[in-house]
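To start, the structure itself, in structure tokens.
All values below come from the heavy atoms of this structure, side chains included, with hydrogens, waters and symmetry mates left out. As the structure is a prediction and not an experimental result, all values here were calculated from the model.
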Amino acid sequence: HDANASRRDGQKGRFSRKNDGGWRWRKVGSLAPMSEKSVSTVVIDAPLAEVQAALFEIGSYPEWLSSIKKADVIERDGENRVLKAKLAIDAGMMKDRVTLDYDWSAAPAALSFTMDEADLLTQMDGTYLLKAIDADTTQVTYELTVAVSLPVPSMMITKAQQQTIDAALKELAERVA
């Protein structure tokens with residue numbers, strides 16, 4: 001959806017596709033809306049099946065994830081897995097209503113999502129990777145990349161991403177404990 005470019009005045013930036021199908025120019029610089037991926041891993045004292053059950057039921061996220069205030073499932077597949085959901089997020093500086101598309105192609109070892117649309121975020125891509133350590137222990141890695149449409153220093157975005165994934169992993173561990 002994006003194309004890097006330079007304007008006639010020499011300003012570096014990129015064109016981003018808007019929700020209405022049009023294009024918008026975004027200046028690229030120290031306050032660029034791009035972000036690095038944040039990653040965190042936790043080992044949870046719970047069987048893989050229990051961790052998967054909690055993580056794969058997106059509609060119940062508001063019950064245990066403090067950053068998710070509301071989750072409306074929009075579409076499910078033939079196996080009743082969520083394909084699209086609208087979430088109200090309040091994770092510190094990341095407050096938005098996002099519609100996420102879920103990818104189950106690597107399930108049950110992984111659950112990935114990409115942002116379809118949002119009010120402020122321009123990117124929100126994530127993956128949960130799950131691995132059984134033994135019958136009663138599961139390793140979960142959460143990768144998250146977020147970009148915002150506002151001029152926010154990338155250091156602040158990275159910090160918010162890291163806080164978000166660390167809290168999500170902690171709350172997942174508490175949910176299945």
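Partners of Ser67 by side-chain hydrogen bond (donor to acceptor under 3.5 Å, both in side chains), not counting sequence neighbours: none found. Checked against side-chain hydrogen bond (donor to acceptor under 3.5 Å, both in side chains), Asp101 has the following partners two or more places apart in sequence or in another chain: Lys84. With sequence neighbours left out, Thr41 forms a side-chain hydrogen bond (donor to acceptor under 3.5 Å, both in side chains) with Thr141. Legend: residues meeting side-chain hydrogen bond (donor to acceptor under 3.5 Å, both in side chains) with Asp90, ordered by chain and number and at least two apart, are absent.
With no hydrogens or angles considered, a side-chain donor-acceptor pair links Ser66 and Glu171 at under 3.5 Å.
The backbone N or O of Pro108 lies less than 3.5 Å from a partner atom in the side chain of Gln52, making a donor-acceptor pair. When atom types are taken as modelled, the side chain of Thr164 and the backbone of Ala160 share a donor-acceptor pair closer than 3.5 angstrom. A donor-acceptor pair is defined here as one N or O able to donate and one able to accept, closer than 3.5 Å; such a pair exists between the side chain of Asp96 and the backbone of Leu121. At least one donor-acceptor pair closer than 3.5 Å links the side chain of Thr138 to the backbone N or O of Ala46.
Residue Val39 comes nearest to Gln162 through the heavy atom pair O-NE2, 3.6 Å, listed as atom of the first residue, atom of the second, then distance. Taking all atoms of both residues into account, the shortest heavy-atom contact from Asp103 to Leu111 is O-CD1, 3.9 Å. Closest of all the heavy-atom pairs between Leu87 and Ala71 is CD2-CB, 3.3 Å. In terms of heavy atoms, Asp125 sits closest to Gln123 at OD2-NE2, 2.8 Å. Closest of all the heavy-atom pairs between Trp64 and Ala54 is CZ2-O, 3.7 Å. The two residues Lys131 and Leu48 come nearest to each other via the heavy atoms N-CD1, 4.3 Å.
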- Show the numbers, then the answer: is there a side-chain contact (heavy atoms from CB on, under 4.5 Å) between Asp45 and Asp136? CA-CA 6 Å; Asp45 292 326; Asp136 298 316; over 6 Å; no
- Query: How far apart are the C-alpha atoms of Met124 and Phe113, what are their side-chain angles, what is the distance that settles it, and do they pass the side-chain contact (heavy atoms from CB on, under 4.5 Å) test?
  - Reply: CA-CA 8 Å; Met124 183 174 173; Phe113 57 85; 4.1 Å; yes
- CA sep, side-chain torsions, deciding dist, call: Val140, Leu172, side-chain contact (heavy atoms from CB on, under 4.5 Å): CA-CA 9 Å; Val140 181; Leu172 174 62; 4.2 Å; yes
- Item | Derivation and outcome, side-chain hydrogen bond (donor to acceptor under 3.5 Å, both in side chains), residues Ser38 and Glu143 | CA-CA 6 Å; Ser38 294; Glu143 304 172 349; over 6 Å; no
- Under the side-chain hydrogen bond (donor to acceptor under 3.5 Å, both in side chains) rule, what do Asp166 and Ser40 come out as? Steps first, then yes or no, please. CA-CA 7 Å; Asp166 289 345; Ser40 198; 2.8 Å; yes
- Task: Evaluate the side-chain contact (heavy atoms from CB on, under 4.5 Å) criterion for residues Val148 and Leu120: first the C-alpha distance (whole Å), next the side-chain angles of each, then the deciding distance (0.1 Å), finally the verdict.
- Result: CA-CA 6 Å; Val148 296; Leu120 297 174; 5.7 Å; no
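Residue pairs meeting the ring pair (Phe, Tyr, Trp, His ring centres under 6.0 Å) criterion with at least one partner in residues 158-177, sequence neighbours excluded, are absent.
Salt bridge present: Arg175 and Glu63 bring a charged side-chain N and a carboxylate O closer than 4.0 Å. A salt bridge links Glu174 to Lys170: one of the charged nitrogens lies within less than 4.0 Å of a carboxylate oxygen.
Around the CZ atom of Arg97, the shell of radius 6.0 Å holds no more than 12 heavy atoms that belong to other residues, nucleotides or ligands.
For the atom pair Met115 CE and Thr122 OG1, the distance stands at 6.0 Å (nearest 0.5 Å). Residue Ile165 holds its CD1 atom at 6.5 Å from CG of Leu144, rounded to the nearest 0.5 Å.
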Could you go through residues 55-62 and list every donor-acceptor pair under 3.5 Å that involves a side-chain atom there, pairing it with any protein atom two or more places apart or in another chain?
residue: Ser60; atom: OG; partner: Glu57; partner atom: O; Å: 2.9
residue: Tyr61; atom: OH; partner: Leu55; partner atom: O; Å: 2.6

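Counting only heavy atoms from C-beta outward, the side chains of Thr114 and Leu100 never approach each other to under 4.5 Å.
Tyr102 and Leu129 end up in different hydrophobic clusters when Ile, Leu, Val, Met, Phe, Trp and Tyr side chains are linked at under 4.5 Å.
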